[in-house]
Amino acid sequence: MSLSIRGLAKRYGDAAVFSQVSLDVAPGEFVAIVGESGVGKSTLLNCMAGLDHWDEGTVTLNGADLGAMSEDQRALLRRRHVGFVFQAFHVLPHLDVAQNVALPLLLLGQPDDGRVQAMLAAVGLAGLGQRLPQQLSGGQLQRVAIARALVHSPGLLLADEPTGNLDPATAARVMDALLAQTREQGASLVLVTHSQAAASCADRVLQLRAEGIQPNVRP
Ligand SMILES: Nc1ncnc2c1ncn2[C@@H]1O[C@H](COP(=O)(O)OP(=O)(O)O)[C@@H](O)[C@H]1O
Ligand SMILES: [Mg+2]
């Protein structure tokens, strides 16, 4: 899925978060975004999915202008074509692992047809489908979130510091699972991260600043 952002600006009242943000993500491309805390990385990811509003500029997914769509149209586009992984896993505690992963299919009215078990196996969680989230480690929970984000084969995966709560060894395993599955499906990936190791896997690294977004130059 292609993503194109032109001249994006976000403000809260008189306080500008960022302005003049322009970037393109090609189908199947992996772009990492770095930047200081509070600079608006999460806000930018939310704008990419039409989950947040912006004050200037355009966000276009596969040629469709998100700003010109109704809330309902945006919700439908998101449900079909976008997957999310967050820092705090956001796995539903009262559903078992397989039910959590099946949620996007349920929302789309699509049958499971083995995709849930296949995704669990792909992220190294085969046999754990009946467990409740409280019976899993942090690294396993994040792999549940990755399986859930990709089970409906979205064209675009947005990941917001997905390894931020994990120790380095676990983070590496989670990134491996995330990358392998994203590549396998040919999805585009936009990853916000503080991890040098995670960013080094990307096709491109961009740095977000208040006055725009630029290729990251390592110090
Ligand atoms: N509802 C809000 N009202 C005012 N400011 C907000 C609100 N939500 C977020 N912000 C501000 O927007 C900025 C960007 O936040 P965020 O996107 O979470 O940054 P990052 O993910 O880069 O740490 C922060 O400075 C934050 O304080
Ligand atoms: Mg953030």
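Atoms within a ligand are numbered from 1 in the order they appear, just like the ligands themselves. Numbering starts at 1 and runs along the sequence shown. Just so we're clear, the structure is a prediction, and the values are computed from it rather than from any experiment.
Annotation for Arg80: atom CZ does not count as buried by contact number, only 12 or fewer foreign heavy atoms lying within 6.0 Å. Taking a 6.0 Å sphere around CD of Gln73, one finds it holds more than 12 heavy atoms contributed by other residues, nucleotides or ligands. The 12-atom threshold is not exceeded at CD of Gln20, counting heavy atoms of other residues, nucleotides or ligands nearer than 6.0 Å.
A salt bridge is absent between Asp65 and Arg74; no separation between the charged side-chain nitrogens and carboxylate oxygens falls under 4.0 Å.
Here Asp24 pairs with Arg6 under the salt bridge (charged side-chain N to carboxylate O under 4.0 Å, His left out) rule; sequence neighbours left out.
Listed for the Lys41 side chain is no donor-acceptor partner under 3.5 Å among the backbone atoms of Gln207.
Any protein N/O/S atom under 2.8 Å from the Mg ion (ligand 2) was counted, giving 1 altogether.
For residues 3-62, no pair satisfies ring-ring contact (aromatic ring centres under 6.0 Å, His included), with sequence neighbours left out.
Protein residues lining ligand 1, listed by chain and number: Tyr12, Val17, Glu36, Ser37, Gly38, Val39, Gly40, Lys41, Ser42, Thr43 [non-hydrogen atoms, distance under 4.0 Å].
Residue Phe89 comes nearest to Ala145 through the heavy atom pair O-CB, 3.9 Å, listed as atom of the first residue, atom of the second, then distance.
Classification of the Phe86-Phe84 ring pair by plane angle, with boundaries at 30° and 60°, yields parallel.
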